[in-house]
Amino acid sequence: MTAVIAIAAPWLAAILLIARRRRSPRIVGFMGSLVSAAASALLLLAAPAGESLRESLMTLYSCLTMASTLMLPKRDCDAPTVAGVLFMLGATLAAYSTDNLAVFLAGWILTMAPFLVKRWFRVPSWRPVAALSLSSFALALAIGVMWASGHSLSIEALKDRNPGGSAAFALLIAAVILRKGICPAQAWIADLAEGGSGIPTALLLNGHFGALLVARLILPLFPDTANNLFPMLCWFAMATALYVAIRALTENSPRRLLSFLALSQSAAILAGLESRNPEGIAGALAHWFVVTVSTAGLFGILRLLEVRFGENLTASRHFGLAAHAPRLAVSFCIFGLALVGLPGTLSFCSQDLLIHGTLTSHPVAGVVLPIATAMNAVSIFRLFARLFLGKRRTGFTHMADALPRERWTLAAGLLFVVFGGLFPNVIVGQRLAEADAIAAHLFRSVQSYHKM
Amino acid sequence: MNLSQALLVFVVMAPGAVFLALASLWLLGWVPSERVLSRITGLTFAASLLGLAAVLWALATTHASAVTATFGNWFAVHEYRFPLVLVADRLSLPFLAMTVALSGLIGKFSATYLHRESGFFRFYALLHLFAFGSLLAFAAGSFDLLIAGWELVGITSVLLIAFFDRRPAPVENGVRVFGVYRACDIGLLVGVFALHKWAGGGSFAAGMPQLAAAQATVVCLFLLLAAAGKAAQVPFSGWLPRAMEGPTPSSAIFYGAISIHAGAYLLLRAQPLLAEAPLASVAVIATGLATAIYGTMAGRASADVKTSLAFASLTQVGVIFVEIGFGWRSVAIAHVLGHSVVRTLQFLRAPSMLHDYRRMRSAIGGELSRERAEDLLPDRVRLWLYRWALDRGHLDTILDRWFIQPLYEISRLFTRLDGIGTARRPSDSAISLPGHAEGEVE
């Protein structure tokens, strides 16, 4: 029942907004996501210890949506946008919480629906539409094959049965590659980030449906196949992390650059999930949280800057915006460095585990991750330096720094990454049992892993 | 926890707590006055110095070899643990004392030097964060914790290089230095991973883990990469003159005293491993020797005082690396301490150099001797060396041509690949080189 409230509340709020346009969309959006966050938090409290991954993700995503409704600049905060954000929240929570493959597929498709409907969120080119549609098609086919083979749509009932064999497995991997933007399907993410609506795009990317598919379906349902073929996905993920990190080095469009960094770091999550040891998997799960919060913060701040200073911001020259918006500058710096492992933030711990785990399972190829992270650090610092430091541009009238609602929202995100970094065991410890479970699926039991 | 352990924790944590407090107050909209800031800084480092003196006294009276404060694990996943252990032993104590004393001194000096500077608050906040990072790195009882302090030192260093943020050159130089730091830190990450893999952990609080010679060589070579990056050793020396863009007090404490010696500390800490790895020791000696020669040559062709001092600093750190490579641990520690104090003084006096020079000239009653060793060389060789030194050994050019430019070429190729199938031209998004903002390079 609580899960139904968590899913239904944002959808009801979205319907309310569409039905009665122009009536305080921010308040309706905030209330809808608040109810959802409260219900998800109740689920999290009630979840058995060590089996709370989906409840944690539900709470995280609903809090993220709540923060997004507060961060949306006035220009973007109209009824259709807020309704779209709420619609995505409901669909994402449905996919996170369900045990039924059909509901999972519905959630998967509905999260991207606002981007496929022409007059909702802008989609600038054909590539995002193609990638999202093809990923849905691949997932639908995979679920069809699994249903034909296993005669059930229950994830629990299909566990460890390799339903649909290699064909279903290959289709699921294709869905992951397309949805997650793994090489060679990485270009659509940057296209969408650059031309689409800023904050809703960040929400779509932060659903991390590719990683979800790996953690919820591929590993539990196909342990044997995954054990043999999964390293290929890991190599693809590491190649993606490196490819987009190199690509980001000369990118000057702030939105594209941020999308590359987010993609590189989320590819690292996939590599960690495949690392086959509890350290790497626990690191990947913790990193999932950091990447979600940090990239949402970065995209949010960038959108606030665009609204204040124009949409022609570029990393090819200095703007000196720190003089106008020092709090936004500091928040951007901390979120950016938190994304790439600044000590004192949660990502320092998550990346420590993730890199350790990946290097353990792939001693040579695993070196790619620290190299990609180092490049990402340079790119994010370059972007920070170009946007916020250097000679001030003339022509800007005096603009407000972060408004109180923006300031407190950003402060909440910063507190999460900083306190998560000071007390990482709170998050890493919670993810440990799930990491063990995933490792056990790959190796049948964690003990057999430790005997190796 | 006994008194010595509590004091050790206080010494390390105090600047970090002050930084957190200052940052929180700033976020809430309150910026303390210059006087309040300098007093808080003075009190913090004075109290830390007293605390450290008490730790030293306790060690001397109890004849213990170290004070160790253990807080369990920061986080743990089965056998993989990140131990929170602070150690004050014969190696870390001198470095801790140097950090606390010089940070306090720089705090005092900067109150006047940066008076009414717009970044006054930022400088002090970063000074505390830097001191915390350094103390954490020097007091860490494991390589894992050392990485945390090491990274904090790096990021504060870069933010202070870009202190005068209204000019593009310091900002771009900050980005460049950050790139070198991060590239070399890969060595530290991989080296510590290798230590975990072969020795089962990165803790050295109860003694350095034992490794076979080949394993020790691999670990030490990775640590050397990190140390060379942080200490601006050849071939990474090109960032040091760029770092002189920061305010003089921060140049003094970073590149005259603490940050520049962090690499030497890392190698001193890893010396039991170095002793097992003759090949790595030779690499350390070769790196130090090459840097010492490079530093003295480039320093002689430098036109400004801060850059000259930076190269002089580099020369001494190169010699310290040689001492570490030969295993002369006590000599190296004494050299680090002496060099830090003298170089800090020189950096802080740099703005008054002409005044000092005139005073010295009147004291000795004439010019200083102009005879130099290079006068003995033939003119053609001198000219060639001068050109070489003037371009700082072409190190930046070599790094640019062989590493950075090819990387950018690959990046541009990827940009073109990504552009296939869309109307978007690569020039829409790219391409001005990082480190060179359009039309703004000074």
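Because only heavy atoms are used, hydrogens play no part in the values below, and waters and symmetry mates are left out as well, while side chains stay in. These numbers were taken from a predicted model, which means no experiment stands behind them. Per chain, numbering begins at 1; letters A, B, ... match sequence-line order.
The NE2 atom of B:His196 sits 6.5 Å away from atom NE2 of A:His356, with the distance rounded to the nearest 0.5 Å. Taking CG from A:Asp352 and CD1 from B:Ile147, the interatomic distance works out to 6.5 Å, rounded to the nearest 0.5 Å. With values rounded to the nearest 0.5 angstrom, B:Phe75 atom CZ is found 7.0 Å from A:Phe348 atom CZ. Between A:Ile371 atom CD1 and B:Ile186 atom CD1 the span is 5.0 Å, to the nearest 0.5 Å. How far CD of B:Glu172 is from CZ of A:Arg386: 4.0 Å, rounded to the nearest 0.5 Å. Between the CD atom in A:Gln186 and the CG atom in B:Asp418 there is a gap of 5.0 Å [rounded to 0.5 Å].
A:Arg407 and B:Leu27 make their closest contact through CD-O, 4.1 Å (heavy atoms, listed as atom of the first residue, atom of the second, distance). Nearest heavy-atom pair, A:Pro343 versus B:Ala148, reported as atom, atom and distance to 0.1 Å: CG-O, 3.3 Å.
Taking the side chain as every heavy atom from C-beta outward, A:Leu342 and B:Glu151 never approach each other to under 4.5 Å. No side-chain heavy atom of A:Cys349 sits under 4.5 Å from any side-chain heavy atom of B:Phe82. Residues B:Arg182 and A:Thr373 have side chains in contact (heavy-atom distance under 4.5 Å, counting atoms from C-beta outward). Between B:Val175 and A:Phe384 the shortest side-chain heavy-atom distance does not fall below 4.5 Å. Inter-residue side-chain proximity for A:Phe388 and B:Asp165 is flagged as unmet; no heavy-atom pair is nearer than 4.5 Å.
Looking at A:Val330, the atoms closer than 4.5 Å to chain B (heavy atoms on both sides) all sit in the side chain, from C-beta outward. Both the backbone and the side chain of A:Ala385 come within less than 4.5 Å of a heavy atom in chain B. Proximity to chain A is absent for every atom of B:Leu413, based on heavy atoms less than 4.5 angstrom apart. In this structure, the portion of A:Leu337 lying under 4.5 Å from any heavy atom of chain B is its side chain and not its backbone. Proximity to chain B is limited to the side chain of A:Arg127, based on heavy atoms less than 4.5 angstrom apart. Heavy-atom distances place both the backbone and the side chain of A:Pro326 under 4.5 Å from chain B. Contact annotation for A:Trp408: only side-chain heavy atoms (C-beta onward) come within less than 4.5 Å of a heavy atom of chain B. Using a 4.5 Å cut-off between heavy atoms, B:Ala76 touches chain A through its backbone atoms (N, CA, C, O) alone.
The closest donor-acceptor contact from the side chain of A:Thr250 to the backbone of B:Tyr408 lies at 3.5 Å or more, if one exists at all. Of the possible donor and acceptor atoms, one in the side chain of A:Arg327 sits under 3.5 Å from a partner among the backbone N and O of B:Trp26. In this structure, B:Trp74 contributes its side chain and A:Asn425 its backbone to no donor-acceptor pair below 3.5 Å.
Taking chain A as the reference chain and counting heavy-atom pairs below 4.5 Å, the highest number among B:Leu189, B:Ile155, B:Val190, B:Ile410 is found for B:Ile155. Top candidate by heavy-atom pairs under 4.5 Å with chain B, chosen from A:Val418, A:Val428, A:Leu353, is A:Leu353. For the set A:Leu414, A:Leu257, A:Ile355, A:Leu422, the count of heavy-atom pairs under 4.5 angstrom toward chain B peaks at A:Leu422. Considering only heavy-atom pairs separated by less than 4.5 Å from chain B, the leading option among A:Leu432, A:Val426, A:Leu389 is A:Leu389. In terms of non-hydrogen atom pairs under 4.5 Å with chain A, the most contact-rich of B:Asn73, B:Leu159, B:Val77 is B:Val77. With chain B as partner, the option from A:Pro424, A:Cys333, A:Gly366 having the largest number of non-hydrogen pairs under 4.5 angstrom is A:Pro424. When B:Tyr181, B:Phe164, B:Tyr80 are compared by the number of non-hydrogen pairs under 4.5 Å with chain A, B:Tyr80 comes out ahead.
Other residues, nucleotides and ligands contribute only 12 or fewer heavy atoms inside 6.0 Å of the CZ atom of B:Arg166. Environment of CZ in B:Phe121: crowded, with over 12 heavy atoms of neighbouring residues, nucleotides or ligands closer than 6.0 Å. Annotation for B:Phe71: atom CZ counts as buried by contact number, over 12 foreign heavy atoms lying within 6.0 Å.
For the residue pair B:His78 / A:Asp436, a side-chain donor-acceptor distance below 3.5 Å is found, with atom types taken as modelled.
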